[in-house]
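I have placed the structure first, in the form of structure tokens, so that the comments after it can refer back to it.
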There are 2 protein chains.
Amino acid sequence: MCDALSDDDLGVLAKAAQRMTISPGKVFIEEGDPANYFYNINEGMVRVFKALPDGRRHITGFMGAGQFLGLAISGHCAFSAEAMEEVHLCRFSRATLNQVFADFPALERRLLNIAAHELTVAHEQMLLLARKSAVERVSSYLLNLVMQLDACAEGKLPSSKLILKLPISRADLADYLGLTIETVSRSFAQLKRNGLIEFSNAHAVTLLNPQRLELVANAKS
Amino acid sequence: MCDALSDDDLGVLAKAAQRMTISPGKVFIEEGDPANYFYNINEGMVRVFKALPDGRRHITGFMGAGQFLGLAISGHCAFSAEAMEEVHLCRFSRATLNQVFADFPALERRLLNIAAHELTVAHEQMLLLARKSAVERVSSYLLNLVMQLDACAEGKLPSSKLILKLPISRADLADYLGLTIETVSRSFAQLKRNGLIEFSNAHAVTLLNPQRLELVANAKS
DNA sequence: CGGCGGTTTTGATTTATATCAAGGCTTTCC
DNA sequence: GGAAAGCCTTGATATAAATCAAAACCGCCG
């Protein structure tokens, strides 16, 4: 988060933060609880989700080092968050956050940019959930992985094959894509049959033709 | 948008804006176009949507008087927007917007709050799209209407029946809820059979028991 | 008033995905 | 190294929603 600030500023900011370690599996933000804190992740992956009373759940996203949590502006948390492994983060109380904003306007600007970006990601995901088929969803996920990992400038996809490590379980992927575990698995199988991917093992996939995969993901053919 | 500003400031701001009128049906923001402007709606309803090349589409939201459009921070519009009726709005170029931010930090704060709120709404909608049944989706929509219109403080639902005007067509509702027109219609029919709603005509519905409807919408029973 | 275009409802059928149920792989840990 | 526990895949069946099709309703304009 600290990219927006000078080193001096960073020092001041650090004093306002509480460093914390969260153990794997721990739900450290609970939907509906009073939203008293704001978090910045230093290390480790976090699952952000919402659930219905009967247990159905949706993972709205995964967050890692450098990312923020807790932008919620109403008094209550709009989602839950769970550590997927050991997580190190900084916690700011809402009061000190306001103080920090006053001292570093640049931070507020940056948060606005981040929020705007998250909003476009959310809209894209809504289109996926509302209108894409299972195979399209899975393809879209793979493509998003490529974009993130390769930091492909401006959506330029590699034209040759590339190996991808799947960082999450089938269960998490299902909850993220609005599918079941079985449907995710069958969608992978179909992509394999169609010569678009190959597995070395369940968590290492080779995209044989990223560009063709993109056509599938976005219904361009 | 101007709640955050003093009257004096408002005057200055007004000079930076271009007033425009959009005719019904006009798509005045096109997904993928360079994002040069920022809009504030004065009057009339707008449909915000994303589409796939083959025509499937998802309406991410409806915006009316007082609301903002164009928070997109990347260089390109993340969605399209279409006037549902005659729309009056103010348009700011991105350059002047930055100027305005510099002059009125309060505005930036307010936009951050708005973005955070939109983000929680988006997350709620993702849960709906990913995990709710058709009847649950339609019920959720009705409930959201009540909340907005009645301005029910903190989710307090009326305990007695109330009449609601449905402001959009079945087609729009389907595209908003990730369903088809027919399924929306059948879901209404089912709610009617279950004694939860009643229609005077296709666009005027009576919620016979809002609290029970809420149980259906959120799978609490 | 009566026909016409568009919207909504209702019905029959199909289909994609969920659910139920095994079976196969990995990893772990004794 | 082998058993146990989790994942993941595959198969059979069920089901919710989509699709296809037609009828009912509604507002509009002649």
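These figures come from a predicted structure and were not determined experimentally. Every chain is numbered from 1 and lettered A, B, ... according to where its sequence line falls, protein lines coming before strand lines.
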Item checked: Interatomic distance where CD1 belongs to I181(A) and P belongs to dG6(D) [whole Å] -> 14 Å

Item checked: Nucleic acid footprint by protein, nucleotides 13-29 of chain D - heavy-atom cut-off 4.0 Å, B for base, S for sugar-phosphate alone -> ----SSBB---------

Checklist line | Partner residues of D54(A) under the salt bridge (Lys or Arg N to Asp or Glu O under 4.0 Å) criterion, sequence neighbours left out | finding: R56(A)

Item checked: Bend angle of the helix from dC1(C)-dG30(D) to dC30(C)-dG1(D), from helix axes over five pairs at each end, nearest 10° -> 30°

Check: Contact boundaries of DNA chain C with chain A (under 4.0 Å, heavy atoms), 5' to 3'?
Finding: dT17(C) to dC20(C)

Next item on the list: Could you pull out all residues at least two apart from K192(A) that satisfy salt bridge (Lys or Arg N to Asp or Glu O under 4.0 Å)?
Entry: none

Next item on the list: State which residue, out of L127(B), L129(B), L128(B), fulfils the side chain to side chain contact (heavy atoms under 4.5 Å, CB included) condition with L129(A).
Entry: L129(B)

Notebook entry, point to check: How many angstroms lie between atom CG of L173(A) and atom CG of L166(A), to the nearest 0.5 angstrom?
Noted result: 7.5 Å

Note to self: Looking at R170(B) and A202(B), would you say the former's side chain and the latter's main chain have a donor-acceptor pair under 3.5 Å?
What the structure shows: yes

Check: Side-chain N or O of H203(A) less than 4.0 angstrom from OP1 or OP2 on dC7(D)?
Finding: no

Check: Would you call D175(A) and K50(A) a salt bridge, taking side-chain N to carboxylate O under 4.0 Å as the test?
Finding: no

Margin query: Can you tell me how far apart CG (N218(A)) and CD (E124(A)) are? Round to the nearest 0.5 Å.
Written below: 7.0 Å

Check: How many Å lie between CG on D175(A) and P on dC7(D), as a whole number?
Finding: 13 Å

For residues 79-87 of chain B, run the donor-acceptor check on the side chains, cut-off 3.5 Å, and write out each pair with its distance to 0.1 Å, sequence neighbours left out.
residue: S80(B); atom: OG; partner: E31(B); partner atom: N; Å: 3.0
residue: E82(B); atom: OE1; partner: R47(B); partner atom: NE; Å: 3.4
residue: E82(B); atom: OE2; partner: R47(B); partner atom: NH2; Å: 3.3
residue: E85(B); atom: OE2; partner: M45(B); partner atom: N; Å: 2.7
residue: E86(B); atom: OE2; partner: H88(B); partner atom: NE2; Å: 3.3

Next item on the list: Could you go through the side-chain contact (heavy atoms from CB on, under 4.5 Å) check for L69(B) and Q67(B) one step at a time?
Entry: CA-CA 7 Å; L69(B) 222 42; Q67(B) 300 199 270; over 6 Å; no

Next item on the list: On the 0 to 90° scale, with breaks at 30° and 60°, tag the F38(A)-F68(A) ring pair as parallel, tilted or perpendicular.
Entry: tilted

